Structure formats: structure tokens, C-alpha cells
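Remarks on the structure that follows.
Please read these numbers as outputs of a predicted model, since none were measured by experiment. Naming convention: chains lettered A, B, ... in sequence-line order (proteins, then strands); numbering from 1 in each chain.
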Amino acid sequence: MKIKNKEKDLGKLSWEKFYSLPLNEKLGYFEKDGRMFDCLFSQQLSSQNLRTLFDLANKIRKVAKEKGGLDWLQTLLSHKRAMLYFVQPSTRTFVSFQSACYILGMKVSEIRSTSTSSELKGESPEDTIRTFSSYADLIIMRHFEEGIAEKSAWMLNKTKRPISVINGGSGKDQHPTQALLDLYTLDLSFKDKGGIDNKTIVMVGDLKRGRTVRSLSYLLQNYKNVKIIYVAPDYLKIGNDIKDFLKKHKMSFKESNELIKFLPDADAVYMTRIQDEYDINNESKNIDYSKFHLKKEHMKLMKKSAIIMHPLPRRQEIDVAVDNDPRAMYWRQERNGMWVRTALIAYLFRIENEINRY
Amino acid sequence: MKIKNKEKDLGKLSWEKFYSLPLNEKLGYFEKDGRMFDCLFSQQLSSQNLRTLFDLANKIRKVAKEKGGLDWLQTLLSHKRAMLYFVQPSTRTFVSFQSACYILGMKVSEIRSTSTSSELKGESPEDTIRTFSSYADLIIMRHFEEGIAEKSAWMLNKTKRPISVINGGSGKDQHPTQALLDLYTLDLSFKDKGGIDNKTIVMVGDLKRGRTVRSLSYLLQNYKNVKIIYVAPDYLKIGNDIKDFLKKHKMSFKESNELIKFLPDADAVYMTRIQDEYDINNESKNIDYSKFHLKKEHMKLMKKSAIIMHPLPRRQEIDVAVDNDPRAMYWRQERNGMWVRTALIAYLFRIENEINRY
Amino acid sequence: MKIKNKEKDLGKLSWEKFYSLPLNEKLGYFEKDGRMFDCLFSQQLSSQNLRTLFDLANKIRKVAKEKGGLDWLQTLLSHKRAMLYFVQPSTRTFVSFQSACYILGMKVSEIRSTSTSSELKGESPEDTIRTFSSYADLIIMRHFEEGIAEKSAWMLNKTKRPISVINGGSGKDQHPTQALLDLYTLDLSFKDKGGIDNKTIVMVGDLKRGRTVRSLSYLLQNYKNVKIIYVAPDYLKIGNDIKDFLKKHKMSFKESNELIKFLPDADAVYMTRIQDEYDINNESKNIDYSKFHLKKEHMKLMKKSAIIMHPLPRRQEIDVAVDNDPRAMYWRQERNGMWVRTALIAYLFRIENEINRY
């Protein structure tokens, strides 16, 4: 009861006040009946949520192996419509989510450019979102404006017909389902090797501006005794906020600017591309990023059981010749994303029991 | 028989001659078996058509409340394909129609930009439309060129495989389904209050260039003793053609430039934004439109039973704080649009009896 | 066994070496179990493949005539997802393929602009394609880069999860499904007149740069005693490579720059527009293309049983007044395209027996 009252109070705050609250104080506002209702922040992905979603993804994947199973899955949300509002360029995340919707039988509408939208006529982003909620049962959005997914969910939760919002990534901001698929890939890969606990994860590249390594670092607190090794050019080192977080949670980490040195220790190598779209003065040009490229000759340095991950798209960080190595996990990681996003949508619509009973 | 012959004759006219005919002389050309076949003009929405569509929308809405019902609706037109050809920016109308198609199980193709289209290669708009008719069973179109929906329907009706065309709005021209959803909203709102007859409707804003208020004015002739009050800046007053029409049909109307004065009389307040996209010399800049904004403090002036409508998108004409007032009807109005468009499509495919029997 | 080994060897070649091989040496690489797996080149359309596809298209068309049949067809690939990657402007081919997917119940994702895609972030086209293959079961693509469909299929066939690629046209390059629908139209039109054998086909217009006439010329070798008459402005005559091919296969052809002269002989007149998008120095401006326009007054010169074809879009090559002539086949040709593309997809997913048994 107290929690409910608290959430009611949260609903009375102005957006500015609400937005400035620490995350842990407002996560409850995006839940219903003690379950995640909107998926906006990596921080919502508790141990328990992660386990539920991974198991559900595994089950869905199994059911989907046969035509009959996939046809059955499509009956589950055949009466629901999703709006994919992706006004920031994205192929992967868009198609991945769209496929996830299709797997559950949802009908999908897409807006992929503000130039086809009413924002042109002076409509506020909130009104645009509220409009979508008139027609759809779920909004999945990627927007260049930071905080807009949160604001959308905040606003819709005050209406009489709230629908779930999934944050598909926004600016340098949150991208919770990327974190979800990264962890799902680790979970799957280490299934027969004791899980993610006790593993050594080497994260490589633009750690300063890459949101995936940041989210992943946070979420690894859900596992025991994980060792993180950050390998980055000096200018692109992981932020102090992350390091403070890891220290606070007594998580083990090291920093280096030498890729080769820690490859033999890695259970997983997480490669990232340079995020030069966030350059202010073309500073990326002065960085020798080639030292942070994974090449065919590096393969022999790595454990046989290790895996190589990448959020994609890649440029030259991973040599195409590495693709044929059985440890290259990034293409499967992509596909894992589709399955775990399917699980997330199924969870938000509360059909996980139905699926698990199949 | 005579009517058929007359339509045959119409079919022999050149497009230019056909186009210049008065509307009432050519409406029959867009009917088959005495039923509307293409939906192009508000003038096609007779009392009888309106009643049929509103009742059908109510029924569809009821059936759709349960998964089983919505799944059943989706079987009705599962074998049909719709082409949404929207080359003028639009979010609301597009997604609304797309959702309507989905509700009836139609498969949807969309062209949302002439830059992805063969018009680039020098194809005429008519050939583009005829191409769509090769693949689709229904064309819903919004185009910047006035008269193009009519021309499309005119041309297709001469082919051996005519399909229905719905005008989703074009330029300053017709937008019949907006009129349809506006009237449906009035009909629903006044269901237990004697219907639309005898009500007072206050229309506010850019009445000169807003096509919605113009269409609505025309269609209110279908109801008894409706009083219209036009509230607009001097420069944006309702056109003389409309006033002449109202006089001819002995409909009651007043004009004013003071919003507050008539709010207490209103059963419905229909707000509109300034249509500055039709400015010739930035004349909108010189108009103080803020006097035609509905604000929270106005709420106390209005009847408890009144409703507030807006075709959306809005800018500042309605204060966001008004959204929480139970009389704010515009978001429901939007959703009504989806249902009544579903009804329209069902009607064009002649499945209304099947639905009513459910 | 030898063939398999040979294909294995092909798989070891670098892309550059593979690409430079003569077509007939590499077609096997795009087959599985002796069946076409990727549809990339007109040259893959053997007599036998053509017959199978035409018969299948006829059957599908028949089944689709009734709602029950079309609903049944939609169950066949309801568990499959197609990616339509069309970054070169196209309406017709895009919607035709999308409709074909819908007829078989496939779910469709579309990317229609590189500006919404990860290529913006520096991703290679091959990585983009591989990403699509993570989510989809079929890729249909139109790309401005020559050879990219072949490269995509080549690359995917080396992965553990190869999926079929259909070339939807690229640059001046191949457009095999256009050839397919052209031949299907000829086959249908001459069904009761002894088939395509012994017919006279007059091809008119920009024969130098139009890929459809080139492909069609190649494929007519599959039929006996066909006579081709090429009618073109001097500057736009058919290429010597085609003439050499025809001579080598002892196929009969003539050349002319007078349209009227050969119209009385034609069983089919294949009109094409001027392809001025391939101009280097606006050379099209100096050509009097009006001599290669088909007009109403030409109709009386043609056989009653002849047909008029055009790959569309058209400009002025065919007078709109000709559309009403019963010999005008181009709109039906378009629709034939949808059906034969449906057949092609059905064939690639190996469901033709299931359909033929219906």
C-alpha cells in the first residue's frame, strides 16, 4: 500500500522534478503489480528479471523450432498492435524488434522519420506518443532526444489507457535491450561452464562513449566474482562513474591500453567500435584505434572456450577473417537479441506462463 | 436503368469535363449497386451512410473488446491487401488507417515518399495508382495534389478490375474520414443526450483555411436544429461559401471573435490550430492567435456535459493541463477515428452484415 | 560428388576471383540439391525452371481465386520472415514482391533507404546483409551497386545459416524476375496459340541500355524458332554482345529504326522507355524518341491476336489511349509479375508440391 501511495505521489510531480530524481526512487513508477511495465533503463534488469527473460527466451526459441510452434506463438498476441517509432537511424534494433513482434503475431506500424510525422506541423513529441497510444498496444521507440522514452512512459502512465513503452536506445543514453542481449549471450555461452559467475570479461575500444560497455558493467553486479578488464586508448578510458560504481560494489576490474596482454585471460572479449559521432572536435582522428582491432593472428592467443562479442555495426575492429572462427559469437549475439526481445515483449504482455506451459 | 446509363455517359467524359461537373451530378459515378464504392468527398456521407457507419463502428468496437472477437474480425479480410499511398506528411491518419486495416486482417503495403517511387522515373500519378491496383484490393491515399484521389477513382472505375479508393486527405481539399470521425465523436458523446440534434457547436480558430470545420459545417445539415457558432480572428473567418450554404439550408449560425462569450452555450467546442502552411506572405505572424487558445481557467465557464474536440495535431490552442479534464475528448476522438475507419473499410468490402450478425 | 567438390572449391575462392568467373562456371554455387537456391541471374532460368515456375504461378492464381484458397496459401509460409532491402527507388518491384510474400503468409520487414540504415555508421554492405540474415528467412534486394546481390548470396552460402537471396534488380545489371514475368506473360498470352515457339517479338526503344530486352533476348533461346525484331534509334541499338549470342545460338533477328514497318508481323510488341538515367552527357536530348512511341493510330496495323507489353513505368512510349485496346497487356503483365514472384518464393521454400496437391 505504501508503495502504491508513493507512486501516486510520484505521479503528481512535474516532469522536471520527476526526471531529476535518482533512478532507484522512480523505478517503481514504471511497474504495475510489482512487475516491470515499461522497459526504459538497464537498472530495471534485476537478477530475477534477467533469469525470467533468459529462460523465457530459451523456451520461445525451442517452441519456434517447428512450424507448428511458431504458428502457435503467433496466436498469442495476434490481437495486439505495436508502434515502432524509430526516428534515429537504426537497422539492427529496428528489424530485431519488428521480428520479435512478428514472432508473437503482433501487427506492426512503423514511423522511421520525423519528416513523415506530425512533428513537422508543430506537434510536441509527447502528443505524438500519445497519438500512437490511441492506436497501438505497445510503443517501442528510438529517439535522438535523451530522456524522451522515459517522458513518454511517465506521461502515458498518467492516462486512463497506459500502454508499455520499450526504450530502443536514445543518444548516448540508455539502451536496455542491448544490455539484455549481451547478458543473454554470455548466459547462453557459459551455460555448461558454470554461468557468468567467475568469468573474466575483457572490454575493448571506445569505453568512454560506448553505452553498451557501460550498461554491461553495471549489470555484471548481478553475478559473483566477475573480473572486468577494460582495454582502451588513453583518451577513451572507461568513466570514473563506472569505476566508482564497481568499487562500491566490490567488483574486480583492471585497466590497460594493451589488447594482447589480457587476451589469454579472457572468457569473453567484448569489442566495440569508435563512437566518432560523439566527437566534438574530430578528436577521434588523432587516436590510433588500430591497436584495438582484433585480428586473425590474435585468435591463437585466446582460450579455446572463449567467446568474441560485438554489439555491431563494426568497422575494422574485428577482421572479417575472424568471422569463421567458432569463437566469433557476434552474429549469434544479434540473433539472440531477437529472441530475448521476443521474451521481453511476451513478459510485458504477461503471457510467459502460457508459453512456459506449451 | 437510367442511372446506370447516366453513369456510363459520365464514363465517356474527358477527365477535365468530369472534374468540372458539380459534385451532386457525379457522386453516382463513385457508387456501385447504390452503395458508396469510393470514399472521396464529405458530401457522400448521407444521413443513412453515417448511421450505418456509426452503428457498424460501435459493433466492431464491441466485438474487438475480447481477443476472440478481434481474432475473428481479422479473418474477415485476411485475403485482401491494402495500399497506403501517403506522400503528404501524416502520422495520425496513416497509422489510424493502417490499424483499421489490421483490425480486419488486411495486409498492408505503404508508400510514404515519392522519392521511393517510380514518379521519379517520369511516371504519371495515374499510372502509379493503376500499378497499385494491380497488387492491392483497396487504395487509401493522401496526396499533395488536389483532385488526385478523385482522378484515381475515376480512372480505376473505367478499368476491368476497379478497386475502391479512400481519400485520406489532400491539400486544402477534401478529408472525408476526418469529418466522419468528428461526427462519430459527436454522435457517441451525445448518445444519451438526444443525439446531435439541437446541440450548439462552437468552432474556434482558423476557420478560413481549416478543412475540418468546413466539412463538419456541411455535414451538420444532416441533423435538426443544430446551432453553430464560429469564433475566429477577423482575418480567419469562415468563408462566405459556407455561410451561403448554411443560409440556404436554414441552419442557424453566429460569428464572433471572442472565445469566452460563447463557451457557456457550447455543447461541443471544436478547437483548431492555425494553418500557417497555407500562408502566402507569413500573414499568420500578424495574428494574435493566443486569444483563441483554450486554457484551464476556461473550464469553469463550460457546461459539465460539454465536450472539447480537436482534429489534432495541436500546438498551443489547447493547454496541456486541459487534457486531464473529463470533457477533453480529443484523444478519444482520435481513437474513434480508427474505429469508424474500420467500419468504412468493412462497408466498402460489404461485410457489415457478417459483422452485425456476430 | 564431383559437382559438390567443385562447389566446395568455389567457396574457397576470394570474392574477386569468384566474381570474375564466367557465369556458367559458378551457377552451381547458388544451387542446393540440384535446385536453384538463390535467384540472381536470368541465366538461372532454364527451360525446366521456367516451366515449373509458370505452372506453379498458374496453380497459385487459381487457388487464390477464392478466400478459402488464399487463406490456405497464407498458412504455408506463415512461420517465415522476408527482408525487402530496396535502397534503389522502386515502387512496382517492391510492392509486387511484398504482395507475393503476403500471399504466402510471410511477415515482411523493409529497409528502403540507406539513411535509416547502419551503413551510415560505417558498416559494410556485407555486414548489413548478414545482419538481415540473422532475423529473416529470405532476402529480396535491389541495390544501386552492381554485383552486390551476388556477393550477398556468395557470402551467406558460406555461413552456417544460409538463406536464399533474390535479386530484385541492380543498376544496369541483372533483373531476373523482370525477365521471368515477361516470359510468363508471353507464355500465358500464347497458351492457346502454340506457346512462345515460332512467334515474332518486336522489341522497341532504348535497346542499348534497357536490361529487360537484353535478358528477354537471352531467355528466348529456350524456345524454338522465335524471331526477334529490334527497333531502335541508331544510338540506342541492341548491343553486339547480344547479337553475337543470338548468332551463336542460331536465333533469327533483324534490326530496324522504323516502328511501323514491322508492326504487322508482330505477335508481341515489347515497348521500353528511354533510360536517360544512364546518360553520360545528356545524349538522350538529341534523340527523337517520338518515332518510337506506340499510338492509337498504330493499333490498326497490328494483328488482332498480338499483344503489347511494357516493363513499366512508361512516359510517352505508349499513348494512354492504347490502354483500352484489348491487346494492351502491360497492366496484366504487372499483375503476372506478382503471381510468378509468388511462385518463385514458393519454389525457393520447396512448397510447390504442397501447392500442386491442393
Side-chain angles (χ1 to χ4, degrees), chain A residues 11-12 14-15 74-85 87 101-102 104-139 151 154-163 349-351 354, chain B residues 64-75 84 86-108 110 112-113 115 142 273-277 310 312-318 320 323-324 326 328 330-339 341:
Chain A
K12 285 180 186 161
S14 72
W15 163 245
Q74 290 181 44
T75 66
L76 295 176
L77 298 181
S78 55
H79 58 311
K80 297 292 184 188
R81 292 181 301 275
M83 165 55 70
L84 267 65
Y85 182 53
V87 292
C101 290
Y102 285 157
L104 296 169
M106 297 186 87
K107 310 304 174 279
V108 178
S109 292
E110 52 182 272
I111 301 288
R112 310 203 59 188
S113 151
T114 49
S115 77
T116 55
S117 111
S118 286
E119 295 188 20
L120 271 188
K121 298 180 192 158
E123 182 169 63
S124 71
E126 297 91 282
D127 274 15
T128 300
I129 296 290
R130 180 133 190 203
T131 291
F132 296 154
S133 84
S134 295
Y135 309 126
D137 304 289
L138 170 68
I139 294 173
K151 192 174 186 182
W154 171 80
M155 178 269 292
L156 289 176
N157 283 335
K158 300 211 227 187
T159 69
K160 283 190 185 158
R161 196 179 168 277
I163 62 171
F349 282 101
R350 305 190 181 195
I351 53 171
E354 214 172 328
Chain B
K65 281 225 166 89
E66 300 204 346
K67 182 177 191 325
L70 197 34
D71 281 344
W72 177 80
L73 286 169
Q74 290 180 45
T75 65
L84 268 65
F86 271 62
V87 293
Q88 205 187 23
S90 165
T91 301
R92 211 169 314 276
T93 311
F94 177 83
V95 183
S96 176
F97 267 120
Q98 189 177 38
S99 300
C101 290
Y102 286 157
I103 288 167
L104 296 169
M106 297 185 87
K107 311 302 174 278
V108 178
E110 53 181 274
R112 310 203 59 188
S113 151
S115 77
R142 163 170 289 200
R273 73 174 171 82
I274 196 162
Q275 307 272 321
D276 48 15
E277 64 268 45
H310 192 300
L312 303 175
R314 75 171 152 191
R315 289 183 197 167
Q316 284 85 38
E317 312 82 65
I318 302 180
V320 175
D323 290 16
N324 297 322
Y330 30 97
W331 299 112
R332 269 175 284 171
Q333 184 183 353
E334 233 179 16
R335 200 163 156 80
N336 291 340
M338 177 179 76
W339 293 116
R341 283 174 175 129

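- One finds the CD atom of Glu334(B) at 7.5 Å from the OG atom of Ser133(A) (value rounded to the nearest 0.5 Å).
- Within the 4.5 angstrom heavy-atom criterion, atoms from both the backbone and the side chain of Arg130(A) approach chain B.
- Here Asp323(B) contributes atom CG and Asp127(A) contributes atom CG; the two are 6.5 Å apart, rounded to the nearest 0.5 Å.
- Here the closest heavy-atom approach between residue Ser134(A) and residue Trp331(B) is recorded as OG-O, 3.7 Å.
- In terms of non-hydrogen atom pairs under 4.5 Å with chain A, the most contact-rich of Lys67(B), Glu66(B), Met338(B), Gln98(B) is Lys67(B).
- For the pair Ile111(A) and Arg112(B), the minimum side-chain heavy-atom distance is below 4.5 Å.
- Under the salt bridge (charged side-chain N to carboxylate O under 4.0 Å, His left out) rule, Glu123(A) has a single partner from Arg315(B), Arg314(B), Arg92(B), which is Arg92(B).
- Interface remark: Arg273(B) contributes side-chain atoms only to the contact with chain A (heavy atom separation under 4.5 Å).
- With values rounded to the nearest 0.5 angstrom, Ile103(B) atom CD1 is found 10.5 Å from Lys107(A) atom NZ.
- Gln74(B) touches chain A through its side chain: at least one heavy atom from C-beta onward sits under 4.5 Å away, while N, CA, C and O do not.
- Taking each heavy atom of Tyr102(B) and Val108(A) in turn, the nearest pair found is OH-O, 2.6 Å.
- Within the 4.5 angstrom heavy-atom criterion, atoms from both the backbone and the side chain of Glu110(A) approach chain B.
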